[in-house]
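Just below is one structure, and these are the notes that go with it.
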Amino acid sequence: MEWLIGLACSAGIAGMAYARRSLSGSGFTAAVIVGTVMYALGSTIWFGCLIAFFVSSTLWSKWKRHAKEEAEIGYEKGGRRDAGQVLANGGLGMLLCAANWMCPHPLWWYAFLGVMAAVTSDTWATEIGGLSRTPPISIKTGRPVPPGTSGGVSGLGMGASLAGGFFIGAVAWLLLAVTPFAPDTAASGLGPFAWTGIAGLAGMIGALADSWIGATWQQMYRCDVCGRDIEQDRHCGRQAVRTRGRTGWNNDAVNIAGSIAGGVSAILLALALGLA
């Protein structure tokens with residue numbers, strides 16, 4: 001029954017996102033798979049955190065979309081998330097949920113909380129930070145860079161990143177408060193400030209790691225036609241010239257690395273506080 005409920009809920013939410021052109025066909029399929037597995041193998045809390053990330057990120061991506069078009073020109077992928085993007089943001093969380101189902105332990109939950117906080121923080125920073133009135137600076141050099149540059153950070157983006165992590169922590173606490181205690185989540189007696197603090201800090205660390213890796217390892221190209229520095233290997237109808245980065249480190253790989261940093265940070269915080 002859990003598989004059917006998960007499939008119905010996931011297909012419904014992903015279907016609405018597909019209809020609003022927030023997901024591509026492959027993205028819809030991947031979202032249904034991730035959501036169904038998360039619901040069937042995890043509790044409402046696991047599935048709820050995933051949905052909170054997905055819905056909030058989709059809404060922010062649509063907010064003032066035209067004002068962010070300049071920053072999005074150089075992105076590797078457009079506003080419609082494909083399977084790669086969905087799995088980069090939700091795939092690790094799904095694996096952690098499955099691991100907890102096979103071998104329950106509180107650390108799986110904290111890793112999941114950190115992962116979801118990190119991907120939410122990074123997405124909020126990108127979508128909201130793209131509206132900053134002041135140019136972003138490179139996290140690596142501290143010099144101003146054009147909006148949308150991989151590794152660029154701004155005050156508005158940093159604030160949005162922290163808010164995204166707090167949001168996931170608050171959602172996790174609320175879901176735990178209204179759901180019968182499940183051993184896999186542990187520490188049910190923690191107050192909202194503890195939940196939001198762990199998620200907020202882990203999310204910020206994950207997002208900063210994403211930005212640092214984006215500024216150092218991510219593949220970047222330059223368009224010979226318009227002169228832009230871009231993430232994709234083709235622009236203006238022509239092959240772009242690779243300028244830096246390591247082979248295989250595209251935007252999806254960078255997102256996965258950032259989410260891993262968030263998950264590890266949450267585990268270390270939980271251990272430091274004696275919660276696991």
Side-chain angles (χ1 to χ4, degrees), residues 22-24 26-31 33-34 37-38 50 53-54 57 61 71-99 111-112 114-127 129-130 136 138-141 145 148-153 157 161 164-165 202-223 228-235 239-267:
S22 295
L23 285 175
S24 67
S26 67
F28 167 81
T29 302
I33 293 173
V34 171
V37 172
M38 198 85 76
L50 174 71
F53 154 71
F54 180 73
S57 299
S61 69
E72 294 176 348
I73 289 176
Y75 290 168
E76 180 182 354
K77 300 179 181 181
R80 299 191 74 182
R81 294 184 177 91
D82 60 15
Q85 289 169 292
V86 171
L87 294 176
N89 288 304
L92 182 56
M94 180 183 68
L95 293 178
L96 290 168
C97 182
F112 174 78
V115 164
M116 296 314 301
V119 297
T120 304
S121 293
D122 179 59
T123 303
W124 283 32
T126 300
E127 298 298 344
S138 169
I139 192 174
K140 184 178 180 181
T141 66
V145 293
T149 299
S150 182
V153 296
S161 174
M204 176 67 78
I205 292 173
L208 289 175
D210 183 289
S211 295
W212 180 265
I213 295 171
T216 54
W217 292 356
Q218 184 172 353
Q219 298 172 159
M220 293 295 293
Y221 302 83
R222 178 167 294 127
C223 177
R228 288 182 178 274
D229 290 320
I230 52 178
E231 296 178 358
Q232 64 267 41
D233 59 2
R234 292 189 64 84
H235 199 255
Q239 187 73 28
V241 179
R242 181 169 162 179
T243 56
R244 67 168 173 85
R246 298 187 178 186
T247 301
W249 282 91
N250 62 3
N251 186 257
D252 292 338
V254 172
N255 286 342
I256 293 172
S259 67
I260 291 174
V264 171
S265 298
I267 289 176

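None of the values given here were measured: they were computed from a predicted structure. We number each residue from 1, following the sequence as shown.
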Might you point out which heavy atoms bring [X] and [Y] nearest each other, and give the distance in Å?
| X | Y | result |
| --- | --- | --- |
| Gly206 | Ala261 | CA-CB, 4.3 Å |
| Gln219 | Arg246 | CG-O, 3.2 Å |
| Ser259 | Ala88 | OG-O, 4.4 Å |
| Met38 | Met94 | CE-N, 3.7 Å |
| Lys140 | Thr216 | CD-CG2, 3.5 Å |
| Gly258 | Ala118 | O-CB, 3.8 Å |

> Do any N or O atoms from the side chain of Gln218 and from the backbone of Ile213 form a donor-acceptor pair under 3.5 angstrom?
Replying inline: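 No, Gln218 side chain to Ile213 backbone: no donor-acceptor pair under 3.5 Å.
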>> Check whether Thr126 reaches the backbone of Asp122 with its side chain - one donor and one acceptor, N or O, closer than 3.5 Å.
In response: yes
Would you give the length of the straight line joining atom [atom1] of [X] to atom [atom2] of [Y], rounded to the nearest 0.5 angstrom?
| X | Y | atom1 | atom2 | answer |
| --- | --- | --- | --- | --- |
| Leu208 | Ile139 | CG | CD1 | 5.0 Å |
| Leu23 | Phe28 | CG | CZ | 8.5 Å |
| Phe54 | Asn89 | CZ | CG | 10.5 Å |
| Thr120 | Leu50 | OG1 | CG | 9.0 Å |
| Asp210 | Ile256 | CG | CD1 | 11.0 Å |

Check: [Y] and [X] side chains under 4.5 Å, non-hydrogen atoms:
| X | Y | value |
| --- | --- | --- |
| Met204 | Ser121 | no |
| Val34 | Leu87 | yes |
| Trp124 | Ser57 | yes |
| Gln85 | Asp252 | yes |

>> My understanding is that only residues two or more places apart in sequence, or in another chain, count here; which of them pass side chain to side chain donor-acceptor pair (under 3.5 Å) with Ser26?
In response: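 Partners of Ser26 under the side chain to side chain donor-acceptor pair (under 3.5 Å) test: Ser24.
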